[in-house]
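For reference, the structure discussed in these notes is given below.
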Amino acid sequence: MSLDIKQTESPEKVISAVTEEHIIIRGGRPLEGSVTISGAKNAVLKMMAGALLVNDIVVLRNVPNLTDVNMMAEVIRYLGAKVEIANNEVTIDARNLTEFEAPYELVSQFRASFVVLGPLLARLGQAKVSLPGGCAIGERRIDLHERGLRQLGAEISIEHGYVNATASKLIGSRIYLDRPSNGATENIMLAAILAEGQTIIENAAQDPEIVNLAEFCNAIGGKVAGAGTYQIVIDGVRREDLHGAVVGTIPDRLEAGTFMLAVLATQGEITLEGVYPHHLYSLISKMADIGAEISILAPSIIKVTARHKARATDVTTQPYPAFPTDLQAPIMAVLVGASGTSIITETIYENRFMQVAELRRMGAEIALTGNSAAVIKGVERLTGAEVQSSDLRAAASLIIAGLAAEGVTEVGGLKHLDRGYENLEAKFRALGADIYRR
Ligand code: EPU
């Protein structure tokens, strides 16, 4: 790794630049073989928060080993729960909650922890959760969480950087979300499970992770119907009706999508196991359009064959079941090397093109129109370079580009990658890639 350190850098910064880990990739090898997909980060984190509702023991299976999972364990331990993580299983005993406050030090590192607000409020009648603060990819407001919980009868104020929520009891209500926010759907669902009467969430997020959370709620004794559609109906139950359960985590469709796109970028043929094809139709259809052959071999096995350069296409990110924002950066890494000109339109976040400047360092030709559209002129070849990731999916994008590029790519900013991909480089190595971490 060559370092370009200016004389003016502080010694601490220089040392961290020298010691920071990188993923080193020698690109240009086709991917061949089979990979098993891990459990979904964005499902398991919410179920861990949901375990705070239960005066009993909850076991979650197929849990990926990720820093975000460890961080969520820290948050709920702070609140008084006992948490054990071993062999891709998490055991949570929240019989003895001692705190209703999730502090800034924890929440600011890790936005998903904001989802403890709903269960804490429902279980304890009060919750104080730090506002997560800024995020590299967008503003990420919480107005819909707030409005939904108010409609259930909570009093909510924001003071000194914290959301304070109190309710002597929650009462079911019909709640319309202006947009199908995942986080708001989850927080409202996890609060409404203990509300008096019926709650209906209209224009709910329809993502598979929401369905998994509803399965979790039902497994612990809640009554949730309609998850996976735009209307979720929750019939409140009493706290003593909730009980322990063992619940499985769905496969991570975004990890699966990352591998599928990597094959298209590099050519080759891989089989993905432990994956639900019906969670991936928007991607499967797009990839088939641009030159991949995709076969569903069994209910949980997909084969992807790519023998030619991809063709250009247009992609617009939208809420599930449309093309996911979380695969926008990964598909861009394919389209930069495709034949022809593609346009990607990002509609979910205000600032999710941060991979662009790094892909340009590898020879990509991309023009941005504000923060919402990228025009990509496919180039003959990418060339390896030192690049820095700014968020989880940007990291995945740069790794895919590195696998396809000529020469050596060094990807930094791995703390983002480790939040959401379990053993990514080991899995790529097993598929024949020349990739390692140092
Ligand atoms: N939004 C509002 N008001 C709200 C809530 C959301 O305006 O009250 C806006 C947000 O600012 C954003 C959009 O709605 O622009 C979508 O937000 P959503 O609430 O759906 O997202 P989230 O729950 O914060 C989850 C995933 C994200 C993923 C999004 C969209 C987790 C932990 N995170 O975030 O995943 O991008 O849904 O699908 O589940 C990732 O895994 O890399 C990641 C960022």
Side-chain angles (χ1 to χ4, degrees), residues 40-43 45-46 49-50 107 111-118 121 129 131-152 154 156 158 163 165 172-193 199-214 217 224-234 253-254 257 279 281-283 314-329 331 344-354 369-374 391-393:
K41 162 180 91 81
N42 290 347
L45 296 175
K46 321 307 164 55
V107 178
R111 310 186 53 86
S113 53
F114 192 68
V115 78
V116 299
L117 180 65
L121 176 66
V129 179
L131 281 169
C135 173
I137 60 179
E139 195 187 354
R140 305 192 76 174
R141 298 173 62 194
I142 52 117
D143 56 311
L144 301 172
H145 303 234
E146 226 181 294
R147 209 176 68 204
L149 295 177
R150 274 207 183 98
Q151 277 185 257
L152 293 177
I156 298 195
I158 296 183
V163 177
S173 175
R174 186 180 283 263
I175 298 167
Y176 173 78
L177 299 181
D178 288 341
R179 59 192 294 171
S181 152
N182 284 278
T185 304
E186 291 153 353
N187 249 329
I188 295 166
M189 190 194 293
L190 291 174
I193 187 170
T199 297
I200 300 178
I201 309 176
E202 301 280 6
N203 199 27
Q206 301 178 39
D207 303 52
E209 294 75 18
I210 300 282
V211 179
N212 205 181
L213 186 63
C217 289
V224 181
T229 75
Y230 59 84
Q231 187 188 64
I232 299 179
V233 180
I234 303 142
R253 64 195 164 102
L254 305 168
H279 292 169
Y281 283 141
S282 64
L283 178 69
D314 295 343
V315 177
T316 301
T317 65
Q318 276 173 329
Y320 188 88
F323 196 90
T325 174
D326 293 326
L327 290 177
Q328 179 261 108
I331 200 169
I344 296 185
T345 309
E346 168 64 51
T347 75
I348 306 294
Y349 292 114
E350 306 87 20
N351 192 28
R352 217 181 196 182
F353 282 135
M354 283 176 306
T369 312
N371 279 334
S372 60
D391 82 282
L392 172 57
R393 309 301 168 186

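Note: hydrogens, waters and symmetry copies are ignored here, and every other heavy atom, side chains too, is used.
- Val129 and Val116 make their closest contact through CG2-CG2, 4.0 Å (heavy atoms, listed as atom of the first residue, atom of the second, distance).
- In this structure, Glu186 CD and Cys217 SG are separated by 10.0 Å, a value rounded to the nearest 0.5 Å.
- The two residues Ala184 and Leu144 come nearest to each other via the heavy atoms CB-CB, 3.8 Å.
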After noting the C-alpha distance and the side-chain angles of Leu177 and Ile188, does the key distance pass the side-chain contact (heavy atoms from CB on, under 4.5 Å) rule?
CA-CA 10 Å; Leu177 299 181; Ile188 295 166; 3.9 Å; yes

One pair to check against side-chain contact (heavy atoms from CB on, under 4.5 Å): Ile210 and Ile232. What are the steps and the verdict?
CA-CA 10 Å; Ile210 300 282; Ile232 299 179; 3.8 Å; yes

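- Partner of Thr325 under the side-chain hydrogen bond (donor to acceptor under 3.5 Å, both in side chains) criterion, chosen from Glu346, Arg393, Gln318: Glu346.
- Under the 4.5 Å side-chain criterion, counting only non-hydrogen atoms from C-beta, Ser181 is in contact with His145.
- With a 6.0 Å radius and a threshold of 12 heavy atoms from other residues, nucleotides or ligands, Tyr176 has its OH atom above the threshold.
- When every heavy atom of Ala191 is checked against every heavy atom of Leu149, the shortest pair comes out as CB-CD2, 3.6 Å.
- In plain terms, the two heavy atoms of Gly172 and Thr199 that are nearest each other are CA-OG1, 3.2 Å.
- Here the straight-line distance linking atom CG of Asn182 with atom CD1 of Ile348 works out to 9.0 Å at 0.5 Å rounding.
- Not counting sequence neighbours, the partners of Asn351 by the side-chain contact (heavy atoms from CB on, under 4.5 Å) test are Met354, Asn371.
- Within the 3.5 Å criterion, the main-chain N or O of Thr345 finds no donor-acceptor partner in the side chain of Ser372.
- At least one side-chain heavy atom of Ile344 sits under 4.5 Å from a side-chain heavy atom of Phe353.
- Atom CG of Asn187 is separated from atom CD1 of Ile142 by 9.0 Å, given to the nearest 0.5 angstrom.
- The distance from the CZ atom of Arg111 to the CG atom of Leu131 is 9.0 Å, given to the nearest 0.5 Å.
- The pair Lys41-Glu209 does not meet the salt-bridge criterion, since no charged nitrogen lies less than 4.0 angstrom from a carboxylate oxygen.
- Between Ala204 and Pro180, the shortest heavy-atom distance links the atoms O-CB, 3.7 Å.
- Residues Leu190 and Val115 meet the side-chain proximity criterion, which asks for heavy atoms closer than 4.5 Å.
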Test log, rule side-chain contact (heavy atoms from CB on, under 4.5 Å), inputs Arg253 and Tyr320:
CA-CA 12 Å; Arg253 64 195 164 102; Tyr320 188 88; 3.5 Å; yes

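- Remark: Leu392 CG to Leu254 CG distance equals 8.5 Å, nearest 0.5 Å.
- Residues satisfying the side-chain contact (heavy atoms from CB on, under 4.5 Å) test with Thr229, not counting sequence neighbours, are Gln231.
- Listed here is the closest heavy atom pair of Gln328 and Phe323: N-CE2, 4.1 Å.
- Looking at residues two or more places apart in sequence or on another chain, you find a side-chain contact (heavy atoms from CB on, under 4.5 Å) between Ser173 and Gln151, Leu152, Ile175.
- Phe114 contributes atom CZ, which lies 15.5 Å from atom CG of Leu45 (distance to the nearest 0.5 angstrom).
- Salt bridge Asp391/Arg352: present, at least one basic N to carboxylate O contact under 4.0 Å.
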